[in-house]
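Next up is a structure, given as C-alpha cells.
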Amino acid sequence: MKKRLWLLFVISLTCILAMLFLGPYVYLLLTSLKPSTEAVSAPPTFWPSTFSFENYRNMFDYLPVGKYFANSLITAITSTFISVLLGSMAAYGISRFTSVTGKYFLLFTLVIRMVPMISIAIPMYMIIKNMGLIDTHLALVFVYTSVNVPFAIWLMIGFFDSIPKEFDEAARIDGCSWLGSFIRVIIPVSLPGLATTAIFTFMLAWNDFLFALLMTSTNAKTATVGISEFLTAYNLDLGPMTAAAVSFSLPVMIFSLFVQRYIVSGMTLGAVKE
C-alpha cells in the first residue's frame, strides 16, 4: 500500500513539474496559432477561437527571418564542429598522457568555463572589433568556439577515461600512430560521447543572445536577436513574434527527441570510470 501511494505521489509530482515547464511553451505555441488580432487581445485568451497560420506567413513580411535562421545555422554548426574537434583532441591527450601540466590545464579550462559570460562580453567585443570582424559569421564562430571548447573538453574527457587504454595499445602494436589510433579506434568507440558533446555545444551556440547582440548588426544577425526586433518602442507584433519563436525552437526540440538515446547513452558512458 505504501509503495502504491509513493508511486502515485511521484507520478503526480512529475505531472505537476511537467505542466510547469511545458505550460509557457504550450501557451506560446497556441498564441502563434491565433489570428493576429486575437494574439494581442485584452484580456488574453489561452485557447484560440480559430486556428490560423496567419502569423507564420506574416513573420516573413515583417523581418528577414529566413536570413536570421540561416545565420544561426551557419555559426552554430561551424562552431560546434570546431569545438568538438579541438575539444576531443585535447581531452584525448589529457586522458592518455597524464601529467601535472595536463591536470593544471584541465583545471584552467574549468575556471574559464565558470567565468560568467557577461564579464567577458566587452573584452571579447573589443578583440573582435580590433580584428575587424564585427558583423561577420567568423566573429560569432570565433566567440562560440572559444566558449565551447572548455565545455567540450570536460565532457569528452569522461568518455575517453571510460575507454580502456588497451585499445590504444592494440592499435599501436598494429602500426598506428597516436593520431591514427585516435581517428581509427577511439573516435568510432566514443561516438555516443561525441554526439552528446555536439548536441550540447550546438545548443549553447544556437540559443546565444548576448554575443550575437554585441557582435552583429545586419549581415550576421542571428535568429535570437532578430526575434527580439518584433518588439519596438512603438509596437509589439506578438503574433509573428510567437510564430518566429516556435519556428526557432521546434526544429531543435524535434532533433533532440530523435537523438535523446545518444544523450542518455553518452552521459552514462561518461559517468563510468574504468
Exercise. Specify the closest pair of heavy atoms between Pro240 and Asn58, including all atoms of both residues, with the distance to one decimal.
Key: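 Looking at all heavy atoms of both residues, the closest pair is CG-CB, 4.3 Å.
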Walk me through whether Ile16 and Met19 qualify under side chain to side chain contact (heavy atoms under 4.5 Å, CB included). CA-CA 5 Å; Ile16 293 172; Met19 290 175 63; 5.6 Å; no
Kindly compute the distance separating CG (Leu22) from CG (Leu17), expressed to the nearest 0.5 Å.
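Here the rounded value is 10.5 Å.
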Notebook entry, point to check: Any side-chain heavy atom of Ile120 within less than 4.5 Å of one from Val115?
Noted result: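 Heavy-atom side-chain distance check passes, below 4.5 Å.
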Margin query: Tell me if a side-chain donor or acceptor on Asp135 pairs with a main-chain N or O of Ser217 at a distance below 3.5 Å.
Written below: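 Such a contact is found between Asp135 side chain and Ser217 backbone.
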Note to self: Would you say Val141 ends up clustered with Leu133 if hydrophobic residues are merged whenever their side chains have heavy atoms under 4.5 Å apart, either directly or through other cluster members?
What the structure shows: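 Unlinked, Leu133 and Val141 end up in two clusters.
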Worksheet item: Is Asn219 reaching over with its side chain to a backbone N or O of Thr136, donor-acceptor style, under 3.5 angstrom?
Response: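 Not confirmed, Asn219 side chain does not pair with Thr136 backbone.
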Please answer whether the main-chain N or O of Ala212 pairs with a side-chain N or O of Thr222 as donor and acceptor at a distance below 3.5 Å.
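Side chain of Thr222 to backbone of Ala212: no pair is present.
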Using every non-hydrogen atom in the two residues, find where Thr197 and Thr201 come nearest and quote the distance to one decimal.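 Smallest heavy-atom distance, with atoms named: O-OG1, 2.8 Å.
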| said: Please determine whether side chain to side chain contact (heavy atoms under 4.5 Å, CB included) holds for the pair Val65 and Phe248, giving the CA-CA distance in whole Å, both sets of side-chain angles, and the decisive distance to 0.1 Å. | reply: CA-CA 10 Å; Val65 177; Phe248 178 74; over 6 Å; no
* Transitive ILVMFWY side-chain link Leu73 to Met59, under 4.5 Å ->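 Yes, because Leu73 and Met59 connect within a single hydrophobic cluster, where side-chain heavy atoms sit under 4.5 Å apart.
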Is the backbone N or O of Gly239 less than 3.5 Å from a side-chain atom of Thr242, with the two atoms forming a donor-acceptor pair by type?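 Yes.
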How long is the span from the OG1 atom in Thr196 to the CG atom in Leu191, to the nearest 0.5 Å?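 Rounded to the nearest 0.5 Å, the OG1-CG separation comes out at 10.5 Å.
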Exercise. Donor-acceptor pair, Glu229 side chain versus Leu63 backbone, under 3.5 Å?
Worked result: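 No, Glu229 side chain to Leu63 backbone: no donor-acceptor pair under 3.5 Å.
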Tyr92 and Ser190 side chains, donor-acceptor separation under 3.5 Å:
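Their side chains do not contain a donor-acceptor pair, so the 3.5 Å distance test is not met.
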| message | Can you tell me if Leu13 has over 12 outside heavy atoms packed within less than 6.0 Å of its CG? | response |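 More than 12 heavy atoms, drawn from other residues, nucleotides or ligands, come within 6.0 Å of this atom.
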Note to self: Ring-plane angle category for Phe151 and Phe200, please: parallel below 30°, perpendicular beyond 60°, tilted otherwise.
What the structure shows: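 Phe151 vs Phe200 ring planes: perpendicular.
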From Leu238 atom CG to Phe230 atom CZ, the distance as rounded to the nearest 0.5 Å:
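Nearest 0.5 Å value for the CG-CZ distance: 10.5 Å.
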Please report the shortest heavy-atom distance between Met215 and Met124, naming the atom on each side.
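Looking at all heavy atoms of both residues, the shortest contact is CE-C, 3.6 Å.
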Quick one: closest heavy-atom pair of Leu214 and Ala121, and the distance?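 It is CD1-CB, 3.5 Å.
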Open item on the list: As an exercise, state the distance from CD1 of Ile74 to CZ of Phe69, rounded to the nearest 0.5 Å.
Closed with: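 Taking CD1 in Ile74 and CZ in Phe69, the distance rounds to 13.5 Å.
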Next item on the list: Of all the heavy-atom pairs spanning Ile227 and Ala244, show the shortest one and how long it is.
Entry: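 Heavy atoms only, the tightest pair is CD1-O, 3.7 Å.
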message = Do Phe53 and Trp47 land in one hydrophobic cluster if side-chain heavy atoms of ILVMFWY residues count as linked below 4.5 Å?
response =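 Linked, Phe53 and Trp47 end up in one cluster.
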State yes or no: do Val143 and Phe202 share one hydrophobic cluster built from I, L, V, M, F, W and Y residues joined by side-chain heavy-atom distances below 4.5 Å, directly or via other members?
->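 No; tracing contacts between hydrophobic side chains, which count when under 4.5 Å, never links both residues.
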Q.
To the nearest 0.5 Å, what is the distance between CZ on Phe159 and CD1 on Ile186?
A.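 CD1 of Ile186 is found 14.0 Å from CZ of Phe159.
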- Message: Taking Phe209 as the starting point, is it possible to reach Ile128 by hopping between hydrophobic residues whose side chains are less than 4.5 Å apart?
- Response: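 Not linked; separate clusters.
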Q.
Please evaluate residues Phe160 and Phe182 with respect to the criterion side chain to side chain contact (heavy atoms under 4.5 Å, CB included), reporting the C-alpha separation (whole Å), side-chain torsions for both, the decisive distance (0.1 Å), and the verdict.
A. CA-CA 10 Å; Phe160 291 142; Phe182 174 70; 3.8 Å; yes
Between atom OG of Ser88 and atom CG of Leu194, what is the distance when rounded to the nearest 0.5 Å?
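Ser88 atom OG to Leu194 atom CG measures 6.0 Å (nearest 0.5 Å).
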| query | So does Phe81 have more than 12 non-hydrogen atoms from other groups sitting under 6.0 Å from CZ? | reply |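 No - once you tally the heavy atoms of other residues, nucleotides and ligands closer than 6.0 Å, there are 12 at most.
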Practice task
Output yes when a side-chain donor or acceptor of Thr78 lies under 3.5 Å from a complementary backbone atom of Thr75, and no otherwise.
Solution key: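 Not confirmed, Thr78 side chain does not pair with Thr75 backbone.
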* Would you check if the side chain of Thr224 reaches a backbone N or O of Asp208 as a donor-acceptor pair within less than 3.5 Å? =>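 Between the backbone of Asp208 and the side chain of Thr224 there is a qualifying donor-acceptor contact (under 3.5 Å).
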Tell me the closest heavy-atom pair linking Ser83 and Asn148, and the distance in Å.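 Nearest pair, atom of Ser83 first, then Asn148: OG-CB, 3.4 Å.
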_Is there a side chain to side chain contact (heavy atoms under 4.5 Å, CB included) between Thr80 and Tyr144? Walk through the geometry before answering._
CA-CA 8 Å; Thr80 297; Tyr144 294 156; over 6 Å; no
